[in-house]
**Q** 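Okay, here's the structure, questions in a sec.
All chains are named by letter (A, B, ...) in the order of the sequence lines, taking the proteins before the strands, and each is independently numbered beginning at 1.
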2 protein chains.
Amino acid sequence: MAETRRDSLIDAAAQLLDRGGPAAVTLREVGRAVGVSHNAPYKHFADKDDLLAAIASRELRRQAAPRPTTTGDDLSQPTARALMIGYVRWAMRHPERFKLTFGRWTRENAELAEAADSSRSRLVAAVMTAQAAGDLPAGDPERVTALLLALAHGAADLALSGHLAADGKGHVDPEDLVADLFGYLKTASR
Amino acid sequence: MAETRRDSLIDAAAQLLDRGGPAAVTLREVGRAVGVSHNAPYKHFADKDDLLAAIASRELRRQAAPRPTTTGDDLSQPTARALMIGYVRWAMRHPERFKLTFGRWTRENAELAEAADSSRSRLVAAVMTAQAAGDLPAGDPERVTALLLALAHGAADLALSGHLAADGKGHVDPEDLVADLFGYLKTASR
DNA sequence: ACCTGAACACCGTTCAAGT
DNA sequence: ACCTGAACACCGTTCAAGT
C-alpha cells in the first residue's frame, strides 16, 4: 500500500478539485498540501493539465473496478441498468470529477483513452446481455450503448447545472430519467 | 441597429471564447479588440464571470428566437424533434458556447434563468403537441421534455469530448441518437 | 456615467543550481 | 532521479484620478 509521491500529488489535487473546481487546483496549493515546492509536480507531470488528466484517468479506473458487494461474493455481472444508475450517482456525488473526466481530452491522453474504452466495453457487454433477454431493443449494441450513455450523461450534467427541471416545481431526478428510458426501451423491444 | 459598447464587449468576448475557450477570454484581450483599456469592462459587467454569463444568455435568447425560414412565412411551430435536432446542431457548431451556456449558474443569474425557462417552455409545448398526435408517450410533459433534453445534451457533450463512439470504428452521430430515441418513443407510445 | 494607468496578489512555467 | 528558489510573463481585480 506504499503511496508514491505521484499518488500523493494526485490525491491532493483531487481534494482541491472537489471543492472549487479546476481553478482551485493550483500547483502551489498542491505542493503545500504534500509538503514540497510548487515546482516539484513538474517532475511527475508534464504540466497542470497532465495532473488533471491523471485525476480523470484514476477516476475512470476506479469506476471500472468491481465494487465490493456487502452480501458476500457475487459472481454475476451488473446489469446495464445498474451500471447507468451507478454512473449517475457517481456524477451527482462527485460533480467536479465527473465534469473533469468527461470534459475534454481522452483522445489525447493514452492512459485516459484506454480507461474510457475499457469502461465502455463493460457496458456494451451488459447491453448485449439485456438485448438477449428482451429488455433492450435489438440492433447495433454500440449504438444502443451510446444511447444509454448519452441519456445518463445528459441527465446528470443538466441536473448539476440546474437546467433539468423548471422553477423548482416538478423537480426531476436524473435517476428517474434513466428508469424512464429503460421502461420505454423495454416496451419498444417487444 | 446601434450597437452599444456593452454589446461590442460581448461580441469580442464571444469571438475569443469560440477559439480557445473561457481561458482565452481575458479582459485585456477583450479591451484590446474593442479599443478600450482592460478595466473598461468593469463599468459594464461586475466581473469576468458576469461577462461570460452575458454571452450565455445572449446565446440562449438567440436560440429561442424564431429562425427566419427560407420558404417565406411559416406559421407552424417547430416540432419537438426539429427543436432537438436544432439543439444538437447548434452544440456541435459552437462547442464553446454550448459548454459555457450549460456549464454552470443559470440559477444565479436572473437574466440567464429567464432565458433558459422560456426556451424550455417552448419545448414543453412542442412535446404536448407530439403527445396528442401519438408520436410521444403520454405522461407528465415536463418529464418527457427532460428526457429529450437530457439525451440531446448528453449526446452532444459526449460527442464533443470524444466519449461517444469507440476507437474510430462505428462512429455514432449525436443526431442519430436523437432519431433513435424518437423512434423508440413512438413505438412505446402506441 | 464612463474610462485610464498604476498597482497588488496570484498563477503556470522555465531555469540554473543543488543532492 | 528528484527537488528548490528566483525569475518571467500573464491574469483578475482594485483604486485613485480624470472627463
**Q** I want to confirm an ordering. Mapping A:Arg28 and A:Lys43 to their closest nucleotides on DNA chain C, which one lands closer to the 5' end?
**A**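 In this pair, the answer is A:Arg28.
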**Q** Take the protein atom CZ of B:Phe45 and the nucleotide atom C1' of C:dC3, then report the distance between them rounded to whole Å.
**A** 15 Å
**Q** Considering every strand and a 4.0 Å limit on heavy-atom distances, what is the contact class for B:His44: base, sugar-phosphate, or nothing?
**A** sugar-phosphate
**Q** So that I can compare with my own list, what are the stems of DNA chain D, taken as at least three consecutive Watson-Crick or G-U pairs with distances under 3.5 Å?
**A**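 If one scans DNA chain D for consecutive Watson-Crick or G-U pairs, the stems found are C:4-8 with D:12-16, C:12-16 with D:4-8.
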**Q** Rounded to the nearest angstrom, tell me the gap between atom CG in B:Leu9 and atom P in C:dC2.
**A**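 It works out to 12 Å between those atoms.
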**Q** Side chain of B:Thr26: nearest nucleotide among D:dC11, C:dA6, C:dT13?
**A** D:dC11
**Q** Could you tell me if the side chain of B:Thr145 sits less than 4.5 Å from the side chain of B:Leu148, heavy atoms only?
**A**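 They are not in side-chain contact.
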**Q** Let me know the distance between CG of A:Asp50 and C1' of C:dG12, rounded to the nearest Å.
**A**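 That distance rounds to 14 Å.
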**Q** Kindly compute the distance separating CG (A:Leu149) from CG (B:Leu164), expressed to the nearest 0.5 Å.
**A** 7.5 Å
**Q** Do B:Arg61 and B:Ser57 get their side chains close enough for a donor-acceptor pair, meaning under 3.5 Å?
**A**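 Judged by distance alone, the side chains do pair up.
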**Q** Keeping the roles fixed (side chain from A:Arg97, backbone from A:Trp90), state whether a donor-acceptor pair exists under 3.5 Å.
**A** no
**Q** Check whether any side-chain nitrogen or oxygen of A:Tyr42 sits under 4.0 Å from OP1 or OP2 of C:dT13, and answer yes or no.
**A**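 Checking A:Tyr42 against C:dT13: at least one side-chain N or O falls below 4.0 Å of OP1 or OP2.
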**Q** Using the test side chain to side chain donor-acceptor pair (under 3.5 Å), find all partners of A:Arg58 that sit at least two apart in sequence or belong to another chain.
**A** A:Asp11
**Q** Once you apply a heavy-atom cut-off of 4.0 Å, does A:Val25 come out as touching a base, just sugar-phosphate, or nothing?
**A** sugar-phosphate
**Q** Does any non-hydrogen side-chain atom of B:Tyr42 lie less than 4.5 Å from one of B:Leu27?
**A** yes
**Q** Which of the following nucleotides, C:dT4, D:dC11, D:dA6, is nearest to the side chain of A:Asn39?
**A**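 Side chain of A:Asn39 sits closest to D:dA6.
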**Q** May I have the distance from A:Arg5 (atom CZ) to D:dT4 (atom C1'), rounded to whole angstrom?
**A** 13 Å
